[in-house]
Amino acid sequence: MNMKKILVAYFSASGVTKKVAEKMAKAANADLFEIAPATPYTRSDLNWMNKQSRSTLEMKDRNCRPAMAAKTDVSRYDVILVGFPVWWYREPSIIDTFMESADFTGKTVVPFCTSGGSGIGDTAANMQALATGAKVLDGKRFSPSASADELKKWAEQF
Ligand SMILES: Cc1cc2nc3c(=O)[nH]c(=O)nc-3n(C[C@H](O)[C@H](O)[C@H](O)COP(=O)(O)O)c2cc1C
């Protein structure tokens, strides 16, 4: 049995990662926090074919930090599992905002993602650079149909 306190923190624009995160938190008996944008993404914001869409412009700028609707206190957790959709082969900019929004010193942080097919890429290294006191481990991409058992095993191993 895993006695560590786990937080599943996730961002999801269209609900796929949300389902995985909810299932993971339930299966691993973890708390759940939604990294919600202060300004929600509309359908047109998410159009990656449009060079001027909000998501395209944000993702082109490595220093972009979209505001979060609310922050959370991570101090009571040992392990923070951070879920998101892959955007342009990496973590969405709001995940960068999240990594800078709290003190992760001494915490184990592990990313997980959903995607149209891309792997999780360099996201662990990107997140480590933003939270130098944390121990950020390589993460994993999950299928939207990942089973509760698979998610539980993964979440409880850290
Ligand atoms: C702006 C944007 C960029 C994306 N970039 C990628 C990508 O580089 N590789 C990929 O496999 N999927 C990409 N996708 C697809 C999402 O990762 C995929 O649909 C994900 O499961 C959506 O999760 P969500 O419903 O939690 O937002 C992108 C989606 C959007 C909206």
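Just follow the structure's listing: the first ligand is 1, and inside any ligand the first atom is 1. Hydrogens, waters and symmetry mates are skipped; everything else that's a heavy atom, side chains included, is used.
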### Query
Between the side chain of Glu91 and the main-chain N/O of Asn126, is any donor-acceptor distance below 3.5 Å?
no
### Query
Should Asp96 and Arg90 count as an ion pair when the cut-off is N to O under 4.0 Å?
yes
### Message
Tell me whether Glu22 is salt-bridged to Lys26, with the criterion being a basic N under 4.0 Å from an acidic carboxylate O.
### Response
no
### Message
Whether the Asp73 and Ser75 side chains hold a donor-acceptor pair (N or O, under 3.5 Å, no angle test) is what I'd like checked.
### Response
yes
### Message
Looking at Lys5 and Asp78, is there a salt bridge between them, counting it only when a charged N and a carboxylate O are closer than 4.0 Å?
### Response
no
### Query
Are a donor atom and an acceptor atom from the side chains of Ser53 and Thr56 found within less than 3.5 Å of each other?
yes
### Query
List by chain and number: which residues place a heavy atom under 4.0 Å from ligand 1?
Ser12, Ala13, Ser14, Gly15, Val16, Thr17, Leu46, Trp48, Ser55, Pro85, Val86, Trp87, Trp88, Tyr89, Thr114, Ser115, Gly116, Gly117, Ser118
